[in-house]
Amino acid sequence: MRQEAFGGAQGGGSGPARSAKDALRDLRRTSILHVDMDAFFVSVELRTRPELRGKPVIVGFPAERSVVLSASYEARATGVKSAMPMAVAMRMCPAAVIIHPRHKLYYEVSGQLMEIFASVTDLVEPLSVDEAFLDVGGAIRRLGSPLDIGHLIRRRVQAELGITASVGIAGTKFVAKIASTRCKPDGILQIDAADTVPYLHSLPVNALWGVGGKTAEVLARLGIRTVADVAATPVASLKKVLGASGAHVHRLSMGIDPRPVTPTRLEKSIGAEETFATDTADDALVYRELLRLSHRTASRLRSSGMLTRTIALKLRYSDFSTVTRSRTLHTPIDSAQLIYQVAVQLVEALGPRPMSVRLVGVRAEQLEPAGQTSMQLSLDRRDDNWRAAEQALDRVAERFGSKTLLPARLLEPGKPSEGK
């Protein structure tokens, strides 16, 4: 673990004239945490494969058009990055161990992670399955300073989940996110509110949100290479080259980010998509993939305790044009077979496809907690039979792994029975 700090001691000086109320107020000026897991998917996998620790590991499917979902820091040292095509990653790091992803497991661990956050503060804003902003200002009297709380969260994540987290602590969300990035992996970095601007001005310009490679090139042509350079540039000049975002970038360079931590408790949607190894016009292949994705989506719904009222279909053709369609149901569902039926109806409603299909996706939207929603019994007993069968599959998967059983239609001729 690496611990870093920038600036003076948090909370300011001490003395008889300084009241506890003043000290608490100062602590709350630096009470936003950004907690981010280190190589989350890889870290979860290494819990049961400790022999791979210290080796280059990539989570993803070793297919030509698949992408890297997660990479260990040893793999990243060779240039491998998330979202990079797997074919490129395997050329860059031929010694990497490739692990097929287990999405259901990752969402289960994510749920446990969010429970740890929720036990610290009600003000939790998840950004993805493995990171969140926390406002711990209200927990200081109970748990100690924000730095103490950051250490507490890291200890609990390690002890309870067996993975590591990096924590950035600051007075704003923007700076907390920078701090967690700068102390990775397995570190903690606090930027006191009073030291925010000096710290920001020590960084390169691409540390600012919204300043990617192309924007950095544009700014570099004007001699703007650091955050300090941005702060010293008139807003009018920044607007000329960056448009309306020029004012926003200037505010960030001065550490101004008034956005509060906004709690969000429910996922807005759950889904899955897959890019075919080669573009296909084979209806049977498209429908088989829809069935596979429907099972992945339904499994995640049930493990999350959610039901869906709207099913969305996504098709991307060989020319990269994309079509989306959706249908809202009268009653919420969590059955793969019912999701699949709606997805097939949406495909058929499109009529003849103009060209080969590159990607297909299924998404469940308008989610509702299953415990708070009454699910209407179907007049068709087959619907209930499908639901019972899928729940049995869930129990088998929990005990023996997600690749133990599959619907017969997903077993490709001549191939072993394993999921995609």
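Just so it is clear, the values below take in all heavy atoms, side chains as well, and ignore hydrogens, waters and symmetry mates.
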Provide the closest heavy-atom pair for M254 versus A231 in the form atom of the first, atom of the second, distance. SD-CB, 3.6 Å

Is there a donor-acceptor pair under 3.5 Å between the side chain of T226 and the backbone N or O of D229? yes

For the backbone of L313 and the side chain of T324, can you confirm whether one donor and one acceptor N or O come within less than 3.5 Å of each other? no

Looking only at atom types and distance, does a side-chain atom of S110 sit under 3.5 Å from a main-chain N or O of V129, one as donor and one as acceptor? yes

Quick one: pull up CE in M92 and CD1 in I58 and give me the separation to the nearest 0.5 Å. 9.5 Å

Does some side-chain heavy atom of K314 sit less than 4.5 Å from a side-chain heavy atom of L359? yes

With distance as the sole test, does K173 use its side chain to make a donor-acceptor pair with the main-chain N or O of P260 at under 3.5 Å? yes

Less than 4.0 angstrom from a charged side-chain N to a carboxylate O is my criterion; do E273 and R363 meet it? no

What's the separation between atom CG in L307 and atom OG in S335, rounded to the nearest 0.5 Å? 11.0 Å

Step by step, would you call I169 with I191 a side chain to side chain contact (heavy atoms under 4.5 Å, CB included)? CA-CA 6 Å; I169 309 170; I191 310 298; over 6 Å; no

What distance separates L291 CG from H295 NE2, expressed to the nearest 0.5 Å? 4.5 Å

Walk me through whether D135 and L33 qualify under side chain to side chain contact (heavy atoms under 4.5 Å, CB included). CA-CA 6 Å; D135 186 334; L33 276 58; over 6 Å; no

Can you list the steps and then say if D38 with T164 is a side-chain hydrogen bond (donor to acceptor under 3.5 Å, both in side chains)? CA-CA 6 Å; D38 301 316; T164 62; 2.8 Å; yes

What's the separation between atom CE in M86 and atom CZ in R91, rounded to the nearest 0.5 Å? 12.0 Å

Output the distance between atom CG (L147) and atom CD (Q190), rounded to the nearest 0.5 Å. 5.0 Å

Check: T297 side chain, S294 main-chain N or O, donor-acceptor pair, under 3.5 Å: no

With sequence neighbours excluded, what pairs up with F174 under the ring pair (Phe, Tyr, Trp, His ring centres under 6.0 Å) test? W209

Salt bridge or not between R102 and E108? Use side-chain N to carboxylate O under 4.0 Å. no

Taking C-beta and beyond as the side chain, do V261 and L134 meet within less than 4.5 Å on heavy atoms? no

Full working for side chain to side chain contact (heavy atoms under 4.5 Å, CB included) between R225 and V205: CA-CA 5 Å; R225 293 181 172 82; V205 69; 5.6 Å; no

Considering only heavy atoms from C-beta outward, does the side chain of L315 approach that of R353 to under 4.5 Å? yes

For R49, the salt bridge (charged side-chain N to carboxylate O under 4.0 Å, His left out) test, sequence neighbours excluded, returns E51

Student check: side-chain heavy atoms of V59 and Y106 closer than 4.5 Å: yes

When rounded to the nearest 0.5 angstrom, what is the spacing between CZ in F40 and OG in S43? 8.5 Å

Within-4.5 Å side-chain heavy-atom neighbours: R53 and P50: yes

Results of salt bridge (charged side-chain N to carboxylate O under 4.0 Å, His left out) for R325 - residues two or more places apart only: none

Please work out whether the ring planes of H100 and F61 are parallel, tilted or perpendicular, with thresholds of 30° and 60°. perpendicular

Please step through side-chain hydrogen bond (donor to acceptor under 3.5 Å, both in side chains) for the pair T280 and S356, ending with a clear verdict. CA-CA 5 Å; T280 182; S356 298; over 6 Å; no

Between R156 and I116, what is the shortest heavy-atom contact and its length? NH2-CG1, 3.9 Å

Salt bridge (charged side-chain N to carboxylate O under 4.0 Å, His left out) assessment of D36 paired with K184: CA-CA 9 Å; D36 193 7; K184 276 185 166 292; 3.7 Å; yes

Tell me yes or no: between the side chains of Y340 and Q345, is some donor less than 3.5 Å from an acceptor? no

Does a side chain donor of either T310 or E365 reach within less than 3.5 Å of an acceptor in the other side chain? no

Steps toward side chain to side chain contact (heavy atoms under 4.5 Å, CB included) verdict (V342, L338): CA-CA 6 Å; V342 176; L338 298 179; 5.9 Å; no

Under 3.5 Å, is there a donor-acceptor pair between the R316 and T322 side chains? yes

Could you walk me through whether S166 and R154 pass side-chain hydrogen bond (donor to acceptor under 3.5 Å, both in side chains), step by step? CA-CA 7 Å; S166 295; R154 283 169 38 77; 5.3 Å; no

Looking only at atom types and distance, does a side-chain atom of S72 sit under 3.5 Å from a main-chain N or O of V57, one as donor and one as acceptor? yes

Could you tell me whether R292 and E289 make a salt bridge, using a distance below 4.0 angstrom between a side-chain N and a carboxylate O? yes

Within a strict 4.5 Å, meaning less than it, do heavy atoms of the L238 and V230 side chains meet? yes

Side chain of S299, backbone of R296: donor and acceptor closer than 3.5 Å? no

Strictly distance-based, threshold 3.5 Å: is any side-chain N or O of S303 a donor or acceptor partner for the main-chain N or O of R300? yes

What pair of heavy atoms forms the shortest contact from A165 to V35, and how long is it? CB-CG1, 4.1 Å

Kindly check if the number of other-residue, nucleotide or ligand heavy atoms within 6.0 Å of CZ (R142) is above 12? yes

